[in-house]
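Below is one structure, written out as structure tokens; comments come after it.
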Amino acid sequence: FFFSSRRRHTRCREVSWARRCVQETGSEFSRTTLLYFKLLIETCIEAEKENEYLRQKLRRSYDFNAYDAFRSLDYMGKGKVSMPELKLFLEENKVYANEPELKGLFERYDKDKDNKISMIEFVDEINTCLLYTSDAADDTPCVDLGGRRIIKKKK
């Protein structure tokens, strides 16, 4: 991920804060383990914010349609996408994922664990929206929450 200098500075402050907190908590974990755990959670949150930002950008794009996107993955035209089809699509678009990455991506979309991604599963995942207003939508006057729009107050 791309981290701005502000985020790097914030991250450094958070690391020193975490070290102080660990000293005060008397946790079962070592200081290092607790710090890594905290950083893992923060990284997951940042990744979800970035995903949400991209989902909102796609929703606002005049030429994006989740159903058409699914059809571009469904090479066999069966209404389901297999792992080889997903891999082929990624490679054709110069995205090279190793096996664990490909499996993780596939499992994120394959909600019913039938080893096929249906159009409904794909569209649901593409349109999934976290129900909070985050930095992801700071550049717009409102946030789209899957059909509901929240108008943000001017600063």
Side-chain angles (χ1 to χ4, degrees), residues 1-61 64 66 69-70 73 81-118 120-155:
F1 291 107
F2 172 77
F3 288 101
S4 67
S5 61
R6 188 181 98 198
R7 281 187 179 166
R8 277 193 298 270
H9 179 69
T10 302
R11 176 78 60 195
C12 290
R13 282 187 295 154
E14 289 173 352
V15 168
S16 62
W17 172 83
R19 286 185 181 136
R20 282 193 312 271
C21 288
V22 170
Q23 291 169 352
E24 297 169 4
T25 61
S27 171
E28 292 179 24
F29 298 118
S30 70
R31 292 178 188 170
T32 305
T33 301
L34 193 54
L35 175 64
Y36 287 148
F37 183 62
K38 179 183 183 296
L39 291 175
L40 172 69
I41 299 298
E42 289 173 343
T43 302
C44 290
I45 291 169
E46 287 300 315
E48 286 302 320
K49 285 181 182 180
E50 184 67 21
N51 286 342
E52 180 58 24
Y53 174 79
L54 293 173
R55 282 184 186 110
Q56 289 183 20
K57 286 284 198 189
L58 280 173
R59 270 191 219 111
R60 289 191 298 267
S61 178
F64 179 77
F70 176 82
L73 292 168
V81 174
S82 65
M83 193 167 320
E85 287 175 304
L86 178 61
K87 183 176 182 178
L88 178 62
F89 175 82
L90 293 175
E91 289 173 351
E92 285 181 354
N93 288 282
K94 299 183 179 18
V95 177
Y96 300 100
N98 60 33
E99 282 301 314
E101 292 168 338
L102 181 62
K103 185 178 180 192
L105 180 63
F106 191 84
E107 287 173 354
R108 181 171 188 147
Y109 286 83
D110 183 20
K111 301 297 186 190
D112 63 4
K113 309 293 183 219
D114 66 347
N115 293 321
K116 300 282 184 190
I117 300 170
S118 70
I120 292 171
E121 290 170 325
F122 179 81
V123 171
D124 283 348
E125 182 63 28
I126 291 291
N127 290 330
T128 296
C129 181
L130 300 177
L131 295 177
Y132 64 85
T133 56
S134 68
D135 296 340
D138 280 348
D139 61 341
T140 61
C142 61
V143 178
D144 182 4
L145 296 176
R148 296 184 337 193
R149 295 177 73 78
I150 296 176
I151 308 301
K152 296 191 309 187
K153 294 181 181 180
K154 301 232 184 223
K155 295 179 181 177

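Just so you know, these numbers use all the heavy atoms, side chains as well, and skip hydrogens, waters and symmetry mates. Keep in mind it's a predicted model, so treat the numbers as computed, not measured.
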N/O donor-acceptor pairs under 3.5 Å from side chains in residues 97-106, not counting sequence neighbours:
residue, atom, partner, partner atom, Å
Asn98, OD1, Glu101, N, 2.9
Glu101, OE1, Asn98, N, 3.0

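We find the CG-CG distance between Asp112 and Asn115 to be 9.5 Å, quoted to the nearest 0.5 Å. Atoms CZ and CZ, from Arg59 and Phe64 in turn, are 9.5 Å apart once rounded to the nearest 0.5 Å. If you take OG on Ser118 and CG on Asp110, they are separated by 8.0 Å, rounding to the nearest 0.5 Å.
With sequence neighbours left out, the side chain to side chain contact (heavy atoms under 4.5 Å, CB included) criterion links Val123 to Ala66, Tyr67, Met119, Asn127.
Side-chain contact between Lys116 and Glu121 is absent, with no heavy-atom pair separated by less than 4.5 Å. Using a 4.5 Å cut-off on side-chain heavy atoms (C-beta onward), Ile126 and Tyr109 make contact. Between Glu52 and Arg55, some side-chain heavy-atom pair lies under the 4.5 Å cut-off. When side chains are defined from C-beta on, Glu42 does not count as touching Ile45, because their heavy atoms never get closer than 4.5 Å. Proximity of Leu54 to Leu58: side-chain heavy atoms (C-beta onward) are nowhere separated by under 4.5 Å.
With salt bridges taken as basic N to acidic carboxylate O contacts below 4.0 Å, one links Glu125 and Lys111.
Annotation: side chain to side chain donor-acceptor pair (under 3.5 Å) contacts involving residues 85-97, sequence neighbours excluded, comprise Tyr75-Glu92, Ser82-Glu85.
One N or O on the side chain of Thr43 and one on the backbone of Leu39 form a donor-acceptor pair closer than 3.5 Å.
Within 6.0 Å of CZ on Phe37 lie no more than 12 heavy atoms contributed by other residues, nucleotides or ligands. Other residues, nucleotides and ligands contribute over 12 non-hydrogen atoms within 6.0 Å of the CG atom of Leu88.
Ring geometry for Phe122 against Phe70 counts as tilted: the plane angle lies between 30° and 60°, on a 0 to 90° scale.
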